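All of these numbers come straight from a predicted model, not from anything done at the bench. All chains are named by letter (A, B, ...) in the order of the sequence lines, taking the proteins before the strands, and each is independently numbered beginning at 1. Both backbone and side-chain heavy atoms feed into the values below; hydrogens, waters and symmetry mates do not.
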Amino acid sequence: MEVGAYVPVALFLFAVIALVFAPLMTWVERKQSALMQDRIGANRADILGIKAIGLLHPIADAIKMITKEDTVPDGGDRLLHTLAPIIATVPAMISFAVIPYGGSYQAWGAEWDLVVADLDYGVLYIFAVASLATYGNVLAGWASNNNWGMLGGIRVAAQMISYEVAMGVSAVGVFMIFGTLRLTDMGFAQQETFRLLGFVEHLGWVGAGTWWVELIKIPMWGIFLQPLAFFLFLTALMAENKRAPFDIPEGESEIIAGYFIEYSGMKFGLFYMGEWVEVVVISGLMTAMFLGGWSIPYLPDDVLVEFLRHGVGLNMANVLAMIAHVATFFLKVIVLIWFQQLIRWSVPRFRYDQVMNLGWKILLPLSLANIVITGLGILIIGEIMN
Amino acid sequence: MTEQVIFYVSAFVALISAAGVVLNVRNTLYAALCLVITMLSLAVLFILLNAEFIGVLQVMVYAGAIVVLFLFVIMLLNIRGGDMGADRQPVLKVIGTLLIVGASVKLVPLLSESRRAWPEVGPEFGTVRAIGGTLYTDYLLAFEIAGVLLLAGIVGAVVMGKQRID
Amino acid sequence: MIPQIDIGALGPMLPVAVGAILLPLAEVLMARKRTFLSRPFTQERRGTFLAVASLLCLVIALIISVNGLLGPSRVFNSGNPMIVMDGVAHFLNIVVLLGASLTVLGSVKYLADIHSNHGEYYALLMSSVLGMMFLTSASNLMMLFLALELMSIPLYVLAGFRRSSLRSNESALKYFLIGSFASGILLYGMAILYGMTGSISLAEIGKRFDPESAPHLLGAALVVVGLGFKISSVPFHQWAPDVYEGAPTSVTGFMATTVKVAAFGALMRVLAVALEPAAELLYGALWVMAVLSMTLGNVMAIIQQNIKRMLAYSSIAHVGYLLVGVIVGTLDGYAAVLFYLLVYTFMTIGAFTVVAILAKGGEDRDRVEDLAGLSQSRPLMAVVMTLCMFALAGIPPTAGFMGKFHLFRAAIERGIEIGDTSLFWLAIIGVLNSAISLAYYLRVPLVMYFRDAPPTSDPDVPGFFERVVLLTCLAAVVLLGIVPDDIFNVLSQTAASAQHLLLLQSP
Amino acid sequence: MIEAWEYQVVAGLLFMIGTLGVLVRRNVIVIVMCIELMLNAANLSLIAFSRQWGNHDGQIFVFMVIVVAAVEVAVGLAIILRLVSNRDTVNIEDTSLLKW
């Protein structure tokens, strides 16, 4: 873990994600929900008549939140009440540290790795940090000295513990396929392609180099190798994020607003911001693990750089490749964010028992089955290859 | 130098918050939070000792699951303030404290006796791959037993915790 | 490098493991079925079915263990072995499995009597048995710790299995707190031992242990204290009477016997292999523990009115007797311990089963007066109880006498051999204590035979399974008292084979 | 460079604090927490020794201890929940039906 010169750049990008993406998310969400509910949404905020398709709303939100009175309920715990939103938000932000949003580039004698910390146990780091966010929500419920808040806190604790199990177990299949927990290694591995029909050749049914075997090539993305794990992991992550349809800790029709019932002003804003950053993190993680990370399908990094250097020279080729890769990464992230919005506004909220059943009786057994199937698959493929 | 600072700070925080668990008589929830801080500082020490995988596991399991379970139970039972489980037994406290302090005074020189230099370890030491490799070969049986233990724990917790069983 | 694995070494464990894993599943599946073979599938019938299933697993394991007893020793994996299946391990497994089988048989009706007939009981019991079997054969500290926990954690739950009974709750809580505390101490001791020797294998530790160095001894002492809690020897015994009294009677019988068998197996292995260089120092401490356990256990037992509590103190006293054999440290000594564990299992489970049968209408009847007039109403139970009491006291024709005889003989012979008077004293204190113990053991037959039953008393008829338990214990207590020499020779052989293997183990 | 024994001293003190907590505190939940402290002290000791000997035995041991601790806490808290639902206290002094 040596600290390189790329850290300022990395940190800058990282700050952009947290501070630009999160406010934008509010706008996206409003627009999306309006679209899906057949109404015109987010069009009131205007400065001198300029509405800018509702893009001013995030600014209005920020002004409102900051200027609102900050209250701590009577009999509540002042210290924890203040700490809770911070504890809930910070983990989401720092978990972006291990997600690579680009590969490795040589330009002007320096090496640029587009990841803040390339840890050997990358995915585990995210799991570990994400599990800390629970404290923020649980403590918020406790510190509010409010029965609804308390119920919300209990629900958060139960939901988090339940879904962490499924989350961890469903990711194991991916670790088995790529043989690593390091997200950059996964990214590099996913640049490869494999021949879908390659097995007929290995089994000796047709000769080597048959044209139709070479024809169908698929990128080695996690989603193609582990389709079941993709959906299980995404579901578990969304449940960890506690947004609709998994928002039973808030459940405003049952327990009013759950753990942040007694929050106002920027403290309340922090909770929301935490959730939105989490949505981005989820999408980033899913992209890195399942959607090939920064890689452009059928176009490995070195091929791209090699192609570009003929026109613009090595340094600029690297820079262009970097820009292309970062753009690809964020495109994938945006698609995933949109997908999550789609789910959020399509599916009604689960009941408490349904959420628990889904976690323990469906996700967990399926994840375990996925591990067994993956193991068998690896064994069989290993046999065929030899 | 950085290492020294990290060590002393996290060791200090770990010990202080551990003491907080014991001394926090008023509020069980604060004791649980002190426990989390101890766990986290220990995880830092683990990573300092090249046990990266175990360090992350410490955060994941201890801080992320075990202490959350504590919080869950504390909130479920709604133990607020000192209204439940008050601690009044001054004599035992004094005797216990003296005993422990005495033992620590004895223990510290005993443990500091065994000075040995750190050996060089390869970059593989403590990584997920190295631990996994050892775990699934030499310690395979232990791993399997841990699985049975988890199953027994689940069955046991269900038997004890369920409202009604038939 | 991938080590060679010998699955066959796990032979006796596999049926038990299968039981532990599949029984909860079977329970859940059966709970959904309302009828079975067109008859209503009641809770009671489910319980019987699960009991028979777990008995089947245990008996298969028993057969495999008996087969392995005099066979060659095996290890599970090459390189750094996790378990060593030697003669001692097989023998102790047999004792554990016998105790568990008798417990299962004795639980069927008892669980229904106390309104706690839940299928999870058998699953937890099997997990615990699995832990015990690994504990007797563990050859490194990690396995020792894991097996100990696998044995204890289901037992915490079993102790609290009468969910609505406050006493049972308390029993579980105390057992859990003390048990975990002891694990903590044990674990720290293990950490220090590992740190000082650089290995967690018992054989390696034995080679590198330095009895001159204080940290080495600290680690050894903490490990012995941790195990001392598990075998409930004085001064780590306070929990035992409370836990034994509150737990369901069948579980108490199980805890009082098999747990001790397994924990003594572990203690012997640790002392004989890993801590062998520190033997002299540790044996001094164990000597004190043995004397205190015998004396305090017997004295406290005299004043008890509750049979379960009395038997708890009596079990503490028996830990003292058993420690005598451990302190002797010769093959004869170990063989005597093995034999006594076998005998002790039968006589204690016999006594607890009688108490369990008395339970009725959701309540235990476990006071000494509750036994009054039993000789008239239920002669079989009275006879079994009497013989078990005689055996526990060590009165001659019973197995208990032979067990004590071998223990004390080993102590005296060893004392003569090395000219150590402390071993003589140990034997003498043991004999004196046996005399003291007559005071409370004989009270039970007196109450049964010479006091009339209160008019309201109507003891239950023992069910079929319980009759089997009673008769087995009866037969064992008598037969082991009459023909013990052959068995004892076998035991000496197994002890020898174990020592042989453990010495070979060190690479 | 931090020396090996310094880690051991931290572990030893942590263990002592945990033991003290078990002995003096009467709130059952806090007692369980203190037992966790004891286990953690042993973990730190094992990890430091593992580094010192350069083998993985200690780290794997800690892995197992973490599993055991999780199971222990789950079962223990379930037992406490059952006790509290039967009798409204977490004070161990109040649990005294079983005496002498």
Does any heavy atom of chain C fall under 4.5 Å from the side chain of [X], the backbone, both, or neither of them?
X     : answer
D/L39 : both
D/L37 : neither
D/L46 : both
D/F15 : side chain

Interface check, chain D: of C/G160, C/G179, C/S180, most non-hydrogen pairs under 4.5 Å belong to C/S180

When heavy-atom pairs shorter than 4.5 Å are enumerated against chain D, which of C/S165, C/G198, C/P154, C/S199 gives the highest number? C/G198

Just so I understand: if I count every heavy-atom pair under 4.5 Å between each of D/T19, D/N43, D/D57 and chain C, which residue has the most? D/D57

Nearest-0.5 Å distance that lies between atom OH in C/Y440 and atom CD1 in C/I307: 13.5 Å

Which atoms of [X] approach chain D - backbone, side chain, both or neither, heavy atom under 4.5 Å:
X      : value
C/F145 : side chain
C/Y156 : both
C/L150 : neither
C/S164 : backbone

Is the shortest heavy-atom distance from the side chain of C/N169 to the side chain of D/I79 under 4.5 Å? no

4.5 Å side-chain heavy-atom contact, C/S137 and C/V84: no

What's the shortest heavy-atom distance between C/Q304 and C/Y313, and which atoms? NE2-CE1, 3.3 Å

Heavy-atom pair of closest approach, residues C/I153 and D/V71: CD1-CG1, 3.6 Å

Please determine, by modelled atom types, if C/T197 and C/K207 share a side-chain donor-acceptor pair under 3.5 angstrom. no

When you check the side-chain N and O atoms of D/Q8 and D/S45, is any donor under 3.5 Å from an acceptor? yes

Which residue is it: C/F229, C/W239, C/F181, C/F161? I am looking for the one with a ring-ring contact (aromatic ring centres under 6.0 Å, His included) to C/Y175. C/W239

